[in-house]
Number of protein chains: 2
Amino acid sequence: MSQTWNQHVVKKENKALVLNTIKANAPVSRASIAQTTGLNKGTVSSLVSELLNEKLINESGTGESSGGRRPVMLLLNETAGFTISIDLGVNHILGVVTDLRGNIVNERTITFSNEDLEEVLKHLHQLIDELRNEVPESEYGIVGIGVGVPGVVTSDGEILLAPNLGWKKVPLKDILFERYRVPIIVENEANGGAYGEKVYGVGQMADELIYTSISIGIGVGLILDGKLYKGLRGFSGELGHMTIEKDGPDCRCGNKGCWELYASEKTLLEKARENGYKDTNIHELVTAAENGESKAIHLLEELGDYLGIGITNIIHIFNPEQVVVGNTVQIAEKFIMPAIEKRIEKNAIGFNKNDVQLNVAKLQKYSTVMGMAAFNIEHFFEAPDKAVISN
Amino acid sequence: MSQTWNQHVVKKENKALVLNTIKANAPVSRASIAQTTGLNKGTVSSLVSELLNEKLINESGTGESSGGRRPVMLLLNETAGFTISIDLGVNHILGVVTDLRGNIVNERTITFSNEDLEEVLKHLHQLIDELRNEVPESEYGIVGIGVGVPGVVTSDGEILLAPNLGWKKVPLKDILFERYRVPIIVENEANGGAYGEKVYGVGQMADELIYTSISIGIGVGLILDGKLYKGLRGFSGELGHMTIEKDGPDCRCGNKGCWELYASEKTLLEKARENGYKDTNIHELVTAAENGESKAIHLLEELGDYLGIGITNIIHIFNPEQVVVGNTVQIAEKFIMPAIEKRIEKNAIGFNKNDVQLNVAKLQKYSTVMGMAAFNIEHFFEAPDKAVISN
DNA sequence: TAACCTTTGTTTATTCGCTAGACAAACTTA
DNA sequence: TAAGTTTGTCTAGCGAATAAACAAAGGTTA
C-alpha cells in the first residue's frame, strides 16, 4: 500500500474546504460557500448539514437580502471544544485555555526558580489541572494539550535536550498522555511561536515566514510553503548556532562564533555588566535607554546590529516573505528594530531584500501558546470524529 | 474558486500512481501494481489500458509464473518523447538529449570565451538546433527544453542577474519559447543540480537534501520535503552570500565576510597565485597535490575546511538528511572531503550531525543537466495530453 | 396589493470512478 | 487428466459530485 486512493478522500477534502471557508469568512451563507469554493450548491448543503450534526458549526439567524430570499448565516461553533496550550519557559510557565477559534478564555502563570525536572513537572501538572477544571462544558471537551519547550524535541514528543533547563531525554508527550489521555503535542518553543504568528499574528498573509525567538539564546522557527519545516528529525532551525564569525569564541554547543554568542539577551546582559550595569535585566536597560542613557542605547543598538547580521543571512538563505522578531527582546523594539533594518538595508542583496517584511511579533508573550493552540486545533479538525471525549 | 474539487482528481492521481509504480518497479504486472498500490485490480486494468493507448507504457511479453497464469509485464515507454536539457556555464554549454527515463541519448558541448549575451545566445541556439535535429522520431517529440543558468532566475524564467556572465534581465524563457514553441524551463544551476542528484544521483533516498554547487562562486539548491524550495520569489539558496565572518572583507554583493569569499574556486586560485602558482587552475592544483606538493595540499584542505564551516551552518539550519558537494571542485574530492568531514565532526551539534550524510555529487558534470531533464520529464507527465507535438 | 423577478437552499436524476466479486484464460502441480 | 493458482477482464453496485428543477422567502414595480 503506498498512499492515495479512493473517493472518501474527495469528500473529506471538500468537507474540510467547506469548514475552512466558514472559518475564514464567517458569517457566511451556503450559497456564498458554493460560489467561493466552486462546489455545487447541493454538495455544500449536504456537507453543511453533516457539519451541523457534528456540532462543528452553527446557524446564526438570517443575513441581509441582496434582492431575494435572505440567507441563513453559518458560524464556526467555536465553543464545541477547547485546547490547553502552554509555553514552558526557563523560569515560568504560561498556560491558556483557548476555544476552537483561538480565543483565550482563561490564562494562568506560574513562576519558578528551581529548574529540577521533578519540580517543574509538578508545577506543570498543577497548572494543567487548574486550567482543566475551569474549561467550560462542551461537545468535544479538551481536544488537545500542547506544550512549547525551549529545547530540541523529536517527532515523538521527547525532549532530547533543553540546555537552559538542564534537561535531557524527557519523554514529555508520554508523561502527559499517561496523565491526561487526550492528544498531546510537544514542540520547540520557536516552532510554536512561528506557527502562532503565522496563524494568529503578524504573518497571516505570509506563507514563507521565519520567526526568530530572541531570548536567553536564539531559536528559529521556519514556516516554508505555509507549513512548519522541521527537517529530517525535527532539529531544524538551530540558527542560534550558525557561525557568523569563523574564528569567534567557542560556544558550549561545540561550534565557534555562533550567532547567539553575539545577539542574545544573555550576551546583552554580560556586556551591560562590563559596562557598569550591575545585576540588571533587559527591562531596566530599556528604561535606561528611554531615559536617554547613551550606554544603554548603544548596547541595545549593538544587539540589533548583530541580530541584523543573522537576519541578513536568513534573507539570503530562504528568500522569505516575512521575518518576525519575537520573544523577550521585543520589549526593546524601539532600539533594536531600526538597527536591524539598517544592517539589512546596508548588507542584504537587493533581490532578496526588496520583498521582505521585518516585523515584531504581534502576539508578544503569547506567540508560542497561540502556536500550540493552532497545532491542537488543526489536529482536532483533521479528525473531529476521533476526538477523545474527556470533559 | 479556491482549489480542490471533484473526482477527476482521484482518477488523475491514481493514474499517476500507477504510472509511477511502473516507472519505479518496471517490469511489473497489473496484478502486482494492484497489490503495491492498494487499488482494485479492475481499476488498475482500466488505467493501464488508457496509459497503453496514450503510448506512455508498453507491454513487454510475459514474465515468470509464480504457480499460475503468467503475468504480462509492463514497461515505461521511455522513448515516447525526449527532453533537451542544458547546463549553461560561464565558459561552456553542455547540452544533452534524454529520453523519458533520463537516459542520455545524445550530448554536445560548446565552449566560448566571449560572454556577450548575443554571442552566447547564438551558441545556445546552435547547440539546441543541432540536438533537436538528432532527436529520434517519437510519439510526443520534444517534451521540453530546460536550461540551468548560473544566476538569479524568477518564476517567469527571466534571468535577473548572472554575475559571472555579466547578464541582467534576460527573459530567456520567452526567447526560447518564441523560437522553439515547446515547454521551456529556466532554472538556477544549483537548483537543477540539487534536483538532478535527488532524482538520478546520490540523493535518491533522501527527501531533505542540500546541494552545494561549489565553483567560481557558491550556489545552493534546497530539496525540502522532497521538493525544490525556492522561497517567495525564487531567490532562495544564496548561501554563498551567508556571512561567516561578520567583520570580514566586503563582497561585491554588498554584504561582508560571505562564505564564497573563503570557499570557492575563485578564492582558491587567488590564494594559489599568492603562493607562487601562477596562472594555474584547479586541475593543476589537484595534480600537484597528488604529487605530494604540500602547498597545494594545504590550499585544498583549507578550501575544504572553509566549506566545512558553511556546511556546518547548513546542518544546523536545515537538519538535512544529505549534503551533496557538487560542481567543479569535486575533482579535488580526495583532499576537500576529509577536511569538510573533520570540520563537521568537530563543530556540528551531535543531534543534527548524527544522521546527516555528506556526499560528492554522483552525476558529476551532469548534475545540472539531469536536474533540468527531471524537471522537463516531471512537467510532461503531469499533463502528457497537453504536450506540444513538435517533431 | 398583485404579479413578477431574485436569491437561497433542497431535492431529484444523472454521471463518473472505484470496488467487490464472478468469470475466463493460462499456467503449475499432483 | 483433474484440481488448484494466478492473472486479467467484466459486470453490478455504490458513493459522491453535478446539473437542473423546484420550493421558500424575500424584493421590485406598476
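We use all heavy atoms of the structure for the numbers below, so side chains are in, but hydrogens, waters and symmetry mates are not.
Comparing D:dA19, C:dG9, D:dG8 by their closest approach to the side chain of B:Ser29 singles out D:dG8. Each of C:dT19, D:dG26, C:dC27 was ranked by its minimum atom distance to the side chain of B:Arg70; first place goes to C:dC27. Checking C:dC18, C:dT8, C:dC27 against the side-chain heavy atoms of B:Thr43 singles out C:dC18 as nearest.
A salt bridge links B:Lys198 to B:Asp207: one of the charged nitrogens lies within less than 4.0 Å of a carboxylate oxygen. In summary, B:Glu50 and B:Lys15 engage in a salt bridge, as defined by a charged side-chain N under 4.0 Å from a carboxylate O.
Dashed line: the shortest gap from a side-chain N or O of B:Asn14 to OP1 or OP2 of C:dC18 is under 4.0 Å.
If you find the closest nucleotide of DNA chain D to A:Ser46 and to A:Ser65, the one lying nearer the 5' end belongs to A:Ser46. Nearest-nucleotide mapping onto DNA chain D: of B:Ser66 and A:Gly68, the residue sitting toward the 5' end is B:Ser66.
Between the B:Arg101 side chain and the B:Lys23 main chain, a donor and an acceptor come within less than 3.5 Å of each other.
Ring orientation note: the planes of B:Tyr195 and B:Phe375 are close to parallel, at an angle under 30° on the 30°/60° scale.
Nucleotide D:dA16 holds its C1' atom 9 Å from the CG atom of A:Leu47, rounded to whole Å. A:His8 has its NE2 atom 10 Å from the C1' atom of D:dC14, to the nearest Å. Atom pair B:Lys11:NZ and D:dA16:P shows a separation of 20 Å (rounding to whole Å applied). D:dT7 atom P lies 16 Å from atom CG of B:Leu39, rounded to whole Å. Residue B:Leu52 contributes atom CG, which lies 12 Å from atom P of D:dG8 at whole-angstrom precision. D:dA16 atom P lies 16 Å from atom CG of A:Leu17, rounded to whole Å. Atom CD in A:Glu59 sits roughly 10 Å away from atom C1' in C:dG9 (whole-Å rounding). Protein atom CD of A:Gln35 is 11 Å distant from nucleotide atom C1' of C:dT7, rounded to whole Å.
A donor N or O paired with an acceptor N or O is not found under 3.5 Å between the base of C:dT7 and the side-chain atoms of A:Arg69. Donor-acceptor pairing under 3.5 Å, judged by distance alone, is present between the side chain of A:Gln7 and the base of D:dG15. Side-chain to base pairing of B:Asn40 with C:dA20: one donor and one acceptor N or O lie within less than 3.5 Å of each other.
Donor-acceptor pairing under 3.5 Å is recorded for the side chains of B:Thr98 and B:Thr83.
Residue B:Val44 is classed as having no contact, given no heavy-atom separation below 4.0 Å to the nucleic acid.
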